[in-house]
2 protein chains.
Amino acid sequence: MRKGEATRGRIVSEAGRMASVRGLAAVSLNDIAEAVGLSKSGVFKHFGDKDELHLAVLEASVDRFLALVWTPSLKIPTGKPRLKFIFERWLDWVETEGGPGGCPMMQASVEYDDQPGRVRDFLQAMHRRWARTLGPEIRVLTSPPLPPEQVDQAVFDIKSYVMGFGQQRRLLDDVQARRLATGAFEALIERLSLEPAAA
Amino acid sequence: MRKGEATRGRIVSEAGRMASVRGLAAVSLNDIAEAVGLSKSGVFKHFGDKDELHLAVLEASVDRFLALVWTPSLKIPTGKPRLKFIFERWLDWVETEGGPGGCPMMQASVEYDDQPGRVRDFLQAMHRRWARTLGPEIRVLTSPPLPPEQVDQAVFDIKSYVMGFGQQRRLLDDVQARRLATGAFEALIERLSLEPAAA
DNA sequence: ACAAAAAGTGCACGAGCGTGCGTATTCTAA
DNA sequence: TTAGAATACGCACGCTCGTGCACTTTTTGT
């Protein structure tokens with residue numbers, strides 16, 4: 001029972017790398033089998049069906065993301081330092097660590113945003129969870145803490161900047177992408193710090 | 001020779017609607033044929049190969065986008081009013097007019113951002129062209145006009161907000177999505193108006 | 001060490017894919 | 001109105017897809 005989990009991990013990892021480039025739906029069992037060195041049915045047996053594989057890939061991506069971005073941030077002091085750390089690590093994730101084609105979850109989020117099913121449900125829950133995780137970190141940027149509307153707005157802004165960064169960096173090959181993203185982020189932080197009592 | 005162009009248009013339009021939901025690669029000739037009421041080969045003959053279809057879909061989307069967002073904006077006075085108009089129409093486009101699954105070009109931009117080929121080349125050129133179109137409209141928001149770096153930064157910000165809006169609206173079903181997007185946009189405009197000489 | 005369980009293989013299936021080709025139909029211009 | 005071109009169809013091809021099943025090999029607990 002131990003060996004199975006190991007190879008399953010390798011399968012999911014490899015599938016995630018491929019999905020980051022082509023998207024989840026475009027990753028075939030054959031491709032994975034060749035990459036991992038198994039037979040097609042050997043790969044298939046680890047999952048009841050294709051959907052299960054997709055979910056497993058996304059779950060593994062979330063775990064890896066949290067381990068690389070969120071967990072290490074807990075050692076950083078709350079407030080601006082921690083948030084900045086998270087943002088920078090998040091950009092790293094999108095740039096390289098998420099996979100050769102960026103972040104599999106972002107790719108899937110666009111791919112499935114209008115396709116009902118378990119994948120979309122998972123992605124919805126994932127984003128909401130992450131927003132609830134990020135919110136408190138933003139909230140405590142000021143004293144007194146920011147009101148919920150401003151927190152939601154900032155979460156939206158930050159997520160948008162990360163998405164914009166991905167496109168600028170991956171599709172447009174813009175070497176300035178990181179500067180643009182951090183520029184937008186820094187401006188947001190400053191804005192929040194300066195007007196804590198604004199509407 | 002006239003009839004052909006008409007049906008080709010119908011094919012491309014229908015394929016675009018499908019691509020906005022599932023992505024370009026997931027649209028099969030069979031699906032298009034059924035939707036348009038042609039045979040599979042009848043559809044195929046209008047394009048040398050699948051790639052040509054993909055390009056045609058994107059070109060048509062660009063035309064429609066420009067006709068719905070950019071062209072009507074030319075009647076609005078330059079500066080803040082026109083830019084605001086463009087942004088609002090852009091959100092409309094992402095929300096409904098681009099297709100049942102949003103904007104086919106955005107979907108494709110994520111789908112192909114790491115897949116070399118003519119589709120990616122087209123998308124790159126498209127984004128750069130749009131950025132060059134948008135730039136001058138931002139530049140003249142202030143007097144004296146904004147320096148290039150601030151213009152690039154604002155273009156990045158705005159594009160990011162639109163992407164963020166798409167995700168918030170489509171994947172997360174957030175009824176506040178539009179408020180968040182316009183909120184971010186308004187804040188950007190105000191920021192630019194207030195500090196015209198900043199770094 | 002051995003039996004039970006787990007993991008992986010090989011093969012075949014039905015379906016769907018893009019594409020090519022010969023033929024039929026429909027449009028268009030003289 | 002009729003020849004010729006444009007358009008669409010039907011069919012078949014080679015290939016890949018996800019999935020199912022019977023089988024063999026490997027791992028694991030006792």
Inset, instruction - Test for a donor-acceptor pair under 3.5 Å between the base of C:dG18 and the side chain of B:K40, counting only N and O atoms. - result: yes

Inset, instruction - Could you tell me how the ring of B:Y112 sits relative to the ring of B:H54: parallel (under 30°), tilted (30 to 60°) or perpendicular (over 60°)? - result: tilted

Legend entry - Below 4.0 Å: OP1/OP2 of C:dC17 and any side-chain N or O of B:S28: yes

Inset, instruction - Output the single nucleotide from C:dC17, D:dA8, C:dT28 whose closest atom is nearest the side chain of B:L38. - result: D:dA8

Legend entry - Minimum-distance nucleotide to B:D49 side chain [options: C:dT28, C:dC17, C:dT19]: C:dT19

Inset, instruction - Figure out the NZ/P separation between B:K50 and D:dT16, and round it to whole Å. - result: 16 Å

Legend entry - Rounded distance in Å - CG (B:L29) to P (D:dC13): 19 Å

Inset, instruction - Measure up the A:Y161 and B:Y161 rings against each other and bin them: parallel (under 30°), tilted (30 to 60°), perpendicular (over 60°). - result: tilted

Legend entry - Salt bridge flag under 4.0 Å for residues A:R179 and B:D152: no

Inset, instruction - Name the nucleic acid region contacted by A:V36, choosing base, sugar-phosphate or nothing; use a 4.0 angstrom heavy-atom cut-off, strictly under. - result: nothing

Legend entry - OP1 or OP2 of C:dA6 under 4.0 Å from side-chain N/O of A:H46: no

Inset, instruction - Could you check which of C:dG18, D:dC9, C:dG8 has an atom nearest any side-chain atom of B:S39? - result: D:dC9

Legend entry - A:K40 and A:E34 ion-paired at < 4.0 Å: no

Inset, instruction - Indicate, yes or no, whether a donor-acceptor pair under 3.5 Å links the base of C:dT9 to the side chain of A:K45. - result: yes

Inset, instruction - For B:S41 and for A:R10, find the nucleotide of DNA chain C with the closest heavy atom, then tell me which residue's nucleotide is more 5'. - result: A:R10

Inset, instruction - Figure out the CZ/P separation between B:F44 and C:dT19, and round it to whole Å. - result: 4 Å

Legend entry - Nearest-angstrom distance from the residue atom CG of B:L24 to C1' of C:dG18: 15 Å

